[in-house]
Every structure is written in structure tokens, then in C-alpha cells.
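Written out below as C-alpha cells is the structure these notes cover.
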2 protein chains.
Amino acid sequence: MTEANTALHADAARPSRREQILQAAAQLFAERGSRAVGVDDVGAAVGVTGPAIYRHFASKDAMLAEMLLRISERLLEGGTARVAAAGDDPMAQLRTLITFQVDFALDNPALITVHDRDLGSLADEDAAQVRRLQRRYVEVWVDVLGRVHPASDAATNRARAHAVFGLVNSTPHSAGRLPRRRTAALLAAMAEAAATAT
Amino acid sequence: MTEANTALHADAARPSRREQILQAAAQLFAERGSRAVGVDDVGAAVGVTGPAIYRHFASKDAMLAEMLLRISERLLEGGTARVAAAGDDPMAQLRTLITFQVDFALDNPALITVHDRDLGSLADEDAAQVRRLQRRYVEVWVDVLGRVHPASDAATNRARAHAVFGLVNSTPHSAGRLPRRRTAALLAAMAEAAATAT
DNA sequence: CCCGCTCGTGAACCACGGTTAACATCCCGG
DNA sequence: CCGGGATGTTAACCGTGGTTCACGAGCGGG
């Protein structure tokens, strides 16, 4: 694990074999589910044999773990950054969160799919870590929603946040049939209407 | 398969062992994913050993297939029936569809979860059949949405329908923390706002 | 030039889990 | 009372797939 500390920077560099594997695996996992995809499949997708994977990852589970951790981190970091940059207006904060989530979902349909389907097939410790990050991201939304809906309690706003996630993340199930611009606009409008509904 | 034709009636009768298995399996599949739960697990959940399952189902896949087919059928039948009984007002039809979907999701969180996560791990023929039923159900929504949004084309309304499904089906991810009545009301309000957003 | 590290390969190992086989048991109809 | 179907159990079979092993090939630096 000597590269664990540099992983966050390394992926920004040239797409190393390691990154190719992660990307290909995300695609395959999204299509068939992580359990249905073999290491040989992942290897074949990047032009190597199955066992070659173990030069880059400790195990198949470690791959999935890193994948999910990265997604959760990107969402949390991106969400907090956007809110911080949006000023004090709650509605402005909400809108920036929505467009962020919509863009993320449209840019990474595979990651979104894996994110909330294969969390279950993860080692307890990794799953807990992912859930921690998820929870913090949800809290970012809950805070903003709390300012938009001063009369609602946190539990209600949590349900609101999850509902908006479900709405926006529906993209992978209906993607491709509509040009991206229109999809983004439609989802953003629906999400805002849903999030602000009494 | 001598009981195939009476299956729809039989499950309404006393919960036979067969029905117990289906229900327990749905629960387990929802929690861990169909691939992660073994035949022994399902058996244990109803108080028998693993191989006993094969007295009631041809295979584990057959279990999943019947499960998904039933869900899809119930949604399609329920949806068409509700719309037919709602009169001519498009908004009334939309509202009845929304409350139907919300009630279904709140009543069967496990089925909803399995429904759109384990469709991939199904034999091609069964998967195609399920997808056919799903498509017809979506079309029920698209028809209604088409009358609510006369200016939108079918592709847009399809995306709208999927987004509303995602919103309503987010229930399993946030269920339990809020009393059911409040959850139902909140989801219905959000769904209607989202579905009618321009 | 050659050590040693990186990245791969093909073969083998081994555990897990779906499935089948070979018996019990219970219970009902004749 | 008896035979047979429904329902289970335990043991065994066996394909699949994750993982390890022993072994190259390329390659950059001392």
C-alpha cells in the first residue's frame, strides 16, 4: 500500500494501468453488478489477464472499496465546496447542490449505479467508512434544506434529501434517450420543485 | 408447473411454505443482494434446510424470476386499474398514480429494492419478460404525463416518469426514521411537484 | 553489464454455493 | 392397514471464480 497516500493525486496524472482498471471495473460493475463480474472480465477489459489485477489491488473487494470511497469523497468535497462558494442565500445553495448532483450523475452514471447498489457487498469496515462519508454528504443537504424549510425537522429534511437523490440518480435508468442538456435542465427543474415542495 | 395458472390466487390464500420462501427471500435479497444470499440462508429464514427449497422452486433463479415477475405484474395491473378509475382529469390520474406508487413502495420496500437492483442477475428470457412489463407500466405514466404536459414529447415524459420513480422508490434508503403517514404525504407532495414542474 | 523492480502470464489451489441423490417421515385416501 | 405423494434431511458432486505461485520480460540506474 505504498501508493495509498498518493492515490488522490496519482489519478489526476496520466491514466495509469491502475486507473484504467478502476474505470473499466466501474463500467462492468454498473452493467452486471460487482458480484457477477469476474476478475478475468475486468482484466480482459483493459487487455490483461485476470491475475494481473493483483499487481495493482490487494483483492477484488479492495477495488470496490476504493471505488466507492472515491465516489463518496468526491461527492462530499464537491458538495461542501459548492455550498461554501454559493453565498448565504439558502435557495442559491440548494440550486448549486442540485446542479452539482445532476452533473455528477450525468458524468458518472456507472459510478452512481455502483454507489448505491453494491455497497452491501463490501467488508464491514469499508462499508462503515463509506457510510460515514455518505452521511456527512447528506448532512450538507440537510443543513441547506433546513434553511429552506425552517419549519421542518431534520428527519423530514433527511427524507427530502434522499428523495432528491433518488430523483437525480434515476439518470442511469433512462439515460441516452434524451440529449444531455435537456436531461440536465429537466432533472434540475424537477429536483428544485421537489426539494421546495411543502 | 401445474400450479402456475393458480399462482395468482394461491398466494392470496394461507401463506403456504412456497409463499413464505418467496417473502423471506425477498427480504434477504433486498438486504444483501440476490447473489450474496445462499440457498441455505433462504431455507434457514423459513426454518428448513437449503435443498428443501427445490421442492418448491426449480432453481434459485426461478425464485428471483417469479419474484420480479409478480412485482412487475402488480405494478402494471394496479397502475392501469387506478388510472381507469380516476376519470378523465389528467391531474387526478397523476395523483392516483403517485399515491399508488408511494403506497406500494412503503408497503413493499424489499420488493422495490430487489426490483431495480437484481434485474441484471436474471436469465435473458425472464429479464426480457420483466422489462416488457416494466415498459408497459412506464407507458401508463407516460400517457398520463403526456396529458399533463401537452407540449412535451414522449422521451421527455419517459425521463420524467423515471425521475418520479427514483424519487418515490428512495423510501427503502430512508425508511423507518419517519412515521409512515408523514413519509407518504411528503413523498406524494414532492412527487407531484416534480411531475408537474415545467 | 547486470541487479532488481515493475508488470504480466499460465497453471494450480481451494473454498463456496447451487444442485442432485438417496434415504426418512408424515399423512391422507382407498 | 397400506401405499404413495408431499415435504425434508444429510451427504456428496462439481462448476465457478478469487487467489496464490513460479516464472518470464522489459528496463532504468550503479
Side-chain angles (χ1 to χ4, degrees), chain A residues 1-7 10-11 13-26 28-29 31-68 114 118 120-124 126, chain B residues 1-4 6-7 10-11 13-26 28-29 31-67 114 118 120-124 126:
Chain A
M1 298 291 157
T2 65
E3 77 286 300
N5 40 1
T6 66
D11 62 300
R14 42 41 171 158
S16 62
R17 178 50 54 89
R18 183 181 167 86
E19 296 305 318
Q20 295 177 34
I21 293 175
L22 268 181
Q23 189 176 335
L28 290 173
F29 287 1
E31 289 169 2
R32 307 182 221 163
S34 69
R35 273 234 160 59
V37 175
V39 267
D40 290 353
D41 299 326
V42 177
V46 296
V48 298
T49 59
I53 302 257
Y54 292 86
R55 297 291 170 192
H56 305 274
F57 296 92
S59 69
K60 187 187 166 193
D61 286 338
M63 269 185 46
L64 183 62
E66 178 162 342
M67 196 182 303
L68 295 185
V114 177
D118 293 44
S121 40
L122 215 63
D124 293 351
D126 295 320
Chain B
M1 299 292 159
T2 64
E3 78 286 303
T6 66
D11 61 285
R14 45 31 172 167
S16 63
R17 178 51 53 90
R18 184 181 167 86
E19 296 305 320
Q20 295 177 35
I21 292 175
L22 268 182
Q23 189 176 334
L28 290 174
F29 287 1
E31 290 169 1
R32 306 182 224 163
S34 69
R35 275 220 153 73
V37 358
V39 151
D40 290 352
D41 299 326
V42 177
V46 296
V48 298
T49 59
I53 303 263
Y54 292 87
R55 297 295 171 188
H56 305 275
F57 296 92
S59 69
K60 188 188 165 191
D61 285 338
M63 271 185 45
L64 183 61
E66 178 163 340
M67 195 181 305
V114 177
D118 292 51
S121 41
L122 214 63
D124 294 351
D126 295 321

For a quick check, with a 4.0 angstrom heavy-atom cut-off, what is the B/S/- contact string for nucleotides 3-17 of chain C, read 5' to 3'?
----BBBBB------
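At whole-Å resolution of the value, CD1 in B:Ile53 and P in D:dG8 are 9 Å apart. Atoms OH (B:Tyr54) and P (D:dT10) sit 16 Å apart, rounded to a whole Å. To the nearest angstrom, C1' of D:dT19 lies 11 Å from CG of A:Asp40. Atom pair A:Arg32:CZ and D:dG17:C1' shows a separation of 14 Å (rounding to whole Å applied). Distance B:Gln20 CD to D:dG8 P: 9 Å, rounded to the nearest Å.
Within 6.0 Å of atom CD in A:Gln20, more than 12 heavy atoms from other residues, nucleotides or ligands are found, so the atom counts as buried in its surroundings.
Contact detail for B:Ala45 and B:Leu28: the closest heavy-atom pair is CB-CD1, 4.0 Å.
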Anything under 3.5 Å between a donor and an acceptor, one on a side chain of residues 58-65 of chain A, the other on a protein residue two or more places apart or in another chain? List them.
{"unit_1": "A:Ser59", "atom_1": "OG", "unit_2": "A:Asp61", "atom_2": "N", "d": "3.4"}
{"unit_1": "A:Ser59", "atom_1": "OG", "unit_2": "A:Ala62", "atom_2": "N", "d": "3.1"}
{"unit_1": "A:Lys60", "atom_1": "NZ", "unit_2": "A:Ser34", "atom_2": "O", "d": "2.9"}
{"unit_1": "A:Lys60", "atom_1": "NZ", "unit_2": "A:Val37", "atom_2": "O", "d": "2.8"}

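Under the side chain to side chain contact (heavy atoms under 4.5 Å, CB included) criterion, B:Ala44 pairs with no residue, sequence neighbours left out. Among residues two or more places apart in sequence or in another chain, the side chain to side chain contact (heavy atoms under 4.5 Å, CB included) test is passed with A:Ala36 by A:Arg32, B:Arg35.
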Given side chain to side chain contact (heavy atoms under 4.5 Å, CB included), test B:Arg17 with B:Val48 step by step and report yes or no.
CA-CA 10 Å; B:Arg17 178 51 53 90; B:Val48 298; 2.9 Å; yes
